[in-house]
Protein chains: 2
Amino acid sequence: MNTKMDRRKKYTRMVLKDSLMQLLKEKPISAITVKELCELADINRSTFYSHYGDHYDLLSKIEEEIIEDMQEKLQMFNMWTEELIPIEMILEYIVDKKDVFLVLLKENGENNLHKRVRNLAHGFLVNHLMRMHSIEKDKIEYLSMFIVSGSIQMIISWLDRGMDKSEKELAGMINTFANKGLLGVESL
Amino acid sequence: MNTKMDRRKKYTRMVLKDSLMQLLKEKPISAITVKELCELADINRSTFYSHYGDHYDLLSKIEEEIIEDMQEKLQMFNMWTEELIPIEMILEYIVDKKDVFLVLLKENGENNLHKRVRNLAHGFLVNHLMRMHSIEKDKIEYLSMFIVSGSIQMIISWLDRGMDKSEKELAGMINTFANKGLLGVESL
DNA sequence: GACACCGTGTTGGCTATACAACAAACAGTT
DNA sequence: AACTGTTTGTTGTATAGCCAACACGGTGTC
């Protein structure tokens with residue numbers, strides 16, 4: 001059902017989300033308390049608990065939101081273009097939420113969003129490669145993982161360097177690197 | 001009594017205030033509807049009416065707030081300095097709320113804030129002059145009005161020109177102009 | 001004049017949030 | 001171990017805000 005959410009709920013979730021993002025810029029989630037999060041958001045703590053189990057839950061919800069967004073974008077891509085991966089589209093999305101991605105993709109070690117983005121891209125690329133190439137599924141899995149992981153690290157590095165190239169440039173690079181690998185596979 | 005206001009009320013008033021200020025940048029209050037104000041603020045209209053009588057009431061409250069703030073600043077000034085008018089202090093305050101002042105002081109014709117600021121400064125300067133000079137109250141009234149009106153117009157012009165001088169510079173100019181006039185009166 | 005549309009001011013019922021308080025768990029100190 | 005301070009998760013009550021609806025007044029069109 002497409003019932004509109006009460007604006008109070010919308011607001012509460014929004015400020016909690018923004019506040020967690022802000023705190024995550026300063027310290028890892030393990031060093032953040034629900035108390036200070038609510039103080040920053042100016043939201044009563046019991047209200048926080050009526051929405052979320054804890055701040056890890058909130059973070060998970062944020063990540064889910066992002067993944068859903070990206071999934072939507074990828075669905076749109078399925079419909080009409082031939083590019084290997086819709087990298088430019090994804091980069092535009094990432095730039096739009098640069099602060100979030102910088103915080104969440106760069107966090108010490110691999111966290112959930114990193115894994116989720118990778119799995120999303122991986123699943124998409126595997127399907128794409130299987131439709132376009134006659135290669136064993138086994139090999140496609142590895143190839144896809146190779147391309148996706150490489151691409152993600154490139155993107156993280158790019159964000160870290162303050163996006164010193166245009167989206168178009170970076171997308172071109174990623175596609176070139178991905179396609180070169182593909183040519184190698186074709187000659188198997 | 002110093003009872004803390006419920007944070008919901010605080011938030012509601014704040015967004016309504018900010019939204020009215022934003023709309024006033026685009027059009028005069030007579031062209032603004034309560035409906036669009038509430039839409040912009042994302043606040044239910046009946047909530048608006050539980051806080052304010054109408055949007056003119058809201059504007060009046062905003063102005064009162066500003067006057068009270070300035071009054072506080074002037075009280076502090078009374079306590080410890082010799083300057084004719086605490087212009088630098090006032091300019092700092094005005095810069096801090098530049099957007100508000102630009103909108104409200106510049107509006108077509110004289111509006112309430114213009115009058116209120118003038119009366120506040122006038123009252124202050126009259127008291128000040130009477131303590132420091134032996135001049136007829138009558139003359140002081142005129143003199144004060146002269147200085148205050150001139151100063152306010154200078155400030156409006158300064159805001160309009162994007163504050164092309166530092167606060168210190170403008171304060172210096174205003175004080176010099178005011179004092180020159182004062183010297184003229186002394187030789188009466 | 002009739003009609004449609006829009007904004008206003010108001011109302012009643014419901015929902016979300018605030019607030020204070022409590023017990024428990026945890027961490028650090030002596 | 002005892003103590004202190006902090007955070008957590010929860011609870012009950014009160015408050016503020018939301019929403020939909022209504023009647024009314026004003027405006028413009030036919």
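Residue numbers start from 1 in every chain, and the chains themselves are labelled A, B, ... in the order their sequence lines are given, proteins ahead of strands. What you see below is based on every heavy atom in this structure, not just the backbone, and it leaves out hydrogens, waters and symmetry mates.
Residues satisfying the side chain to side chain donor-acceptor pair (under 3.5 Å) test with A:D18, not counting sequence neighbours, are none. Applying the ring-ring contact (aromatic ring centres under 6.0 Å, His included) test to B:Y11 and every residue at least two apart in sequence or in another chain returns A:Y11. Listed by chain and residue number, A:N44 satisfy the side chain to side chain donor-acceptor pair (under 3.5 Å) test with A:S46 (two or more places apart in sequence, or in another chain). Residues satisfying the side chain to side chain donor-acceptor pair (under 3.5 Å) test with B:H122, not counting sequence neighbours, are B:E141, B:S144.
The salt bridge (Lys or Arg N to Asp or Glu O under 4.0 Å) pairs that include a residue from residues 28-42 of chain B are A:R7-B:D42, B:K27-B:E36, B:K35-B:E39, where partners are two or more places apart or lie in different chains. Sorted by first then second residue, the salt bridge (Lys or Arg N to Asp or Glu O under 4.0 Å) pairs that include residues 142-159 of chain A, not counting sequence neighbours, number zero.
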Check: Can you check ring-ring contact (aromatic ring centres under 6.0 Å, His included) on A:F146 and A:Y142, steps first, answer last?
Finding: CA-CA 6 Å; A:F146 171 77; A:Y142 281 108; over 10 Å; no

Margin query: Between A:K165 and A:M173, is the side-chain contact (heavy atoms from CB on, under 4.5 Å) condition met? List the steps.
Written below: CA-CA 10 Å; A:K165 292 181 195 313; A:M173 281 169 65; 3.8 Å; yes

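The stretch residues 34-41 of chain B does not touch DNA chain D, since none of its heavy atoms comes less than 4.0 Å from the strand. Near DNA chain C, defined here as any heavy-atom distance below 4.0 Å, the residues from residues 12-22 of chain A are A:T12, listed numerically.
When rounded to the nearest whole Å, the span between CD1 of B:I43 and C1' of C:dT17 equals 13 Å. Atom P of nucleotide C:dT17 and atom CG of A:D42 are separated by 13 Å, given to the nearest angstrom. Atom C1' of nucleotide C:dT17 and atom NE2 of A:H51 are separated by 8 Å, given to the nearest angstrom.
The distance from the CD1 atom of B:I29 to the CG atom of B:L20 is 5.0 Å, given to the nearest 0.5 Å. Between B:R161 atom CZ and B:D164 atom CG the span is 4.5 Å, to the nearest 0.5 Å.
Between B:V117 and B:V148 there is no side-chain heavy-atom pair separated by less than 4.5 Å.
Taking 4.0 Å as the cutoff to heavy atoms of chain A, we find the contact window on DNA chain D bounded by D:dT7 to D:dC19.
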Please list each protein N or O that sits under 3.5 Å from an N or O in nucleotides 19-29 of chain C, with the distance.
from: C:dC19; atom 1: OP2; to: B:R7; atom 2: NH1; distance (Å): 2.9
from: C:dC19; atom 1: N4; to: A:S46; atom 2: OG; distance (Å): 2.8

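Note on A:L37: it clusters hydrophobically with A:M21, by side-chain heavy-atom contacts below 4.5 Å among ILVMFWY residues.
Axis deviation across the helix from C:dG1-D:dC30 to C:dT30-D:dA1 amounts to 30°, comparing end segments of five pairs, rounded to 10 degrees.
With respect to B:K10 and B:D6, no salt bridge is recorded, no charged nitrogen being found less than 4.0 Å from a carboxylate O.
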Can you list, pair by pair, the side-chain donor-acceptor contacts under 3.5 Å of residues 89-99 of chain B, counting residues two or more places apart and other chains?
from: B:Y93; atom 1: OH; to: B:D69; atom 2: OD2; distance (Å): 2.8
from: B:D99; atom 1: OD2; to: B:K25; atom 2: NZ; distance (Å): 3.3

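A close approach under 4.0 Å does not occur between any side-chain nitrogen or oxygen of B:Y49 and OP1 or OP2 of C:dT10.
Within a 6.0 Å radius of OH in B:Y56, other residues, nucleotides and ligands contribute more than 12 heavy atoms.
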